[in-house]
Number of protein chains: 2
Amino acid sequence: MANRAVNNYDRSVKTTDPTQQQGADPNAGLSDRIAAELTKQVSSGELPLGSWLRQSKIAEEFGTSRTPVREAIQSLSATGVVELIPNRGARIRVPSAGEIEDGYRVRAELEGLAAELAATFATQLQIDQLIAAEELFEAAVTEVSDADTSVEVGRQRWTQANDEFHEIILAAARNQTLVSALAWIHNQLPRNLTWNELGRDVRLMRSNVAQHRAIREAIEAGDGRAARQAMIRHVLRSGELVLLGLRELD
Amino acid sequence: MANRAVNNYDRSVKTTDPTQQQGADPNAGLSDRIAAELTKQVSSGELPLGSWLRQSKIAEEFGTSRTPVREAIQSLSATGVVELIPNRGARIRVPSAGEIEDGYRVRAELEGLAAELAATFATQLQIDQLIAAEELFEAAVTEVSDADTSVEVGRQRWTQANDEFHEIILAAARNQTLVSALAWIHNQLPRNLTWNELGRDVRLMRSNVAQHRAIREAIEAGDGRAARQAMIRHVLRSGELVLLGLRELD
DNA sequence: TCCACATGGATTGTATACCAAATGGATTAG
DNA sequence: CTAATCCATTTGGTATACAATCCATGTGGA
């Protein structure tokens, strides 16, 4: 019925994975666009972990039939965003403590590789971008310390800085499979877990900023081994923080 | 019409990814079963790289309607087995040289981590299983050297030994995310590429067997760092072999 | 009071039919 | 030999129907 027209500006061959990035989707494939939008909503926390994905409701929201919605859900299941329970539907995966532990170990390895590669391939421009991201971090810290500004602002600022920092390193690593692999693992491990723990304590944030600086310095110095080690430590500490937060819930 | 009854021996909650392993599918979800079967056929080379997946034909083969087939294809696209060309259909992805290079770099890292973890966690039983796999390797080598037996037998034997060897290490690593991550990358990089190069030259095979032995010895000695290094070298060499084979085609 | 069991509503999973849009190749015109 | 046109095939999406399944709720009995 209410069917919005599809704009066909541009023919793209679309060789990459659908749900990979948060970027606004081009033309190809309603199901892909729905899948991408849903993953974005999961990552942003707009859709809470453990909640159900009702096909009819989603179809209504997007103004489509159930068919492309079901295809999208299949994609989400394949990428691990969602778990499929037979005859019950799709539920947004809430990782167990064990899965988080395992996941951060793998993520550390991959990001460590990215840092090592970045140490040999990074351009001066990318180094400068890393430094800019660090300044964003410090801005976020002072914003949180400041009693005036809301917590939400600080959260967004910090998240953005963090995303940028890691994405710059990833770009500098010049390995497309690595990009895909990290996108994959970000679907397994919900992104924002870290902030929940970090945002409480300014000392933790300062420590975190220092870790980022150490990574950048190693990359700038072209010391691949040091960059890798610094990155691995950084990611593993984040994982420990998240696990600590989980154990508090008992 | 011709609709086979579905056996419901066993209710499984099915929390894991659908196309993950090659194992025969349980109950849940026709689309999942189709996706799993198709990925298996791609991995085994039954479906050649670059060929098209025709919805109608597949639907006919499985005795279903197009609906679950389309959902399965969406899953395959999400896992990277297939590339989706708008209005043209799904084609089995044939990775470029660059993708293979990047992919093997990532795979080396992940398998290296697995080997390191295995060095600390492997049980004596698993060590024995690794040794058994090594004997399978040697059997395959002699079988290939022997002019009587067909090449296909040697190929299957070697592939099985290789799969077993790496799966045992993976099991010994005790990290479920790592299992999933390697399953993911196996969908990006078709599995059997290595054999095509390895099978030609018995010296290459012997060298390969030696690499496997070195890995096992490091694991047996509990030397994580050595196991990681040996595994990384092993995987990277396989990647170089595959790349050499590709360049020959020019 | 509490447990076992039937019942009904909601939702998924699959089939079927239909059609617009697009694509690549064949055919035809220049 | 090239360019425009036409056409068969295939996808992508809508709509609808319906069996199977599951869960919650309520009912009856010990």
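To find a chain, count down the sequence lines: A is the first, B the second, and so on, and within it residues start at 1.
- Rounded to a whole Å, the CZ atom of R91(B) is 13 Å from the C1' atom of dT23(C).
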So E164(A) and Q160(A), side chain to side chain donor-acceptor pair (under 3.5 Å) or not? Walk me through it.
-> CA-CA 6 Å; E164(A) 279 187 18; Q160(A) 190 200 342; 3.0 Å; yes
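- By the ring pair (Phe, Tyr, Trp, His ring centres under 6.0 Å) test, H186(B) is found to be paired with no residue, residues two or more places apart in sequence or in another chain being considered.
- Residue pairs meeting the salt bridge (charged side-chain N to carboxylate O under 4.0 Å, His left out) criterion with at least one member in residues 45-58 of chain A, sequence neighbours excluded, do not occur.
- Put simply, S31(A) has no side-chain N or O that comes within less than 4.0 Å of OP1 or OP2 on dG12(D).
- In this structure, the side-chain contact (heavy atoms from CB on, under 4.5 Å) partners of S56(A), at least two apart in sequence or on a different chain, are R66(A).
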Give every pair of a protein N or O atom and an N or O atom of nucleotides 8-11 of chain D that lie under 3.5 Å apart, one pair per line with the distance.
unit_1  : atom_1 : unit_2 : atom_2 : d
dT10(D) : O3'    : R54(B) : NH1    : 3.1
dT11(D) : OP1    : R54(B) : NH1    : 3.2
dT11(D) : OP1    : Q55(B) : N      : 3.4

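- Scored by the salt bridge (charged side-chain N to carboxylate O under 4.0 Å, His left out) test, E197(B) finds R200(B) as partners (sequence neighbours excluded).
- The separation between E60(A) atom CD and dA15(D) atom P is 12 Å, rounded to whole Å.
- The distance between atom CG of L84(A) and atom C1' of dC22(D), rounded to the nearest whole Å, is 15 Å.
- Partners of I232(A) by side-chain contact (heavy atoms from CB on, under 4.5 Å), not counting sequence neighbours, listed by chain and number: A108(A), E109(A), R228(A), L236(A).
- A straight line from CH2 of W52(B) to P of dG25(C) spans 10 Å, rounded to a whole angstrom.
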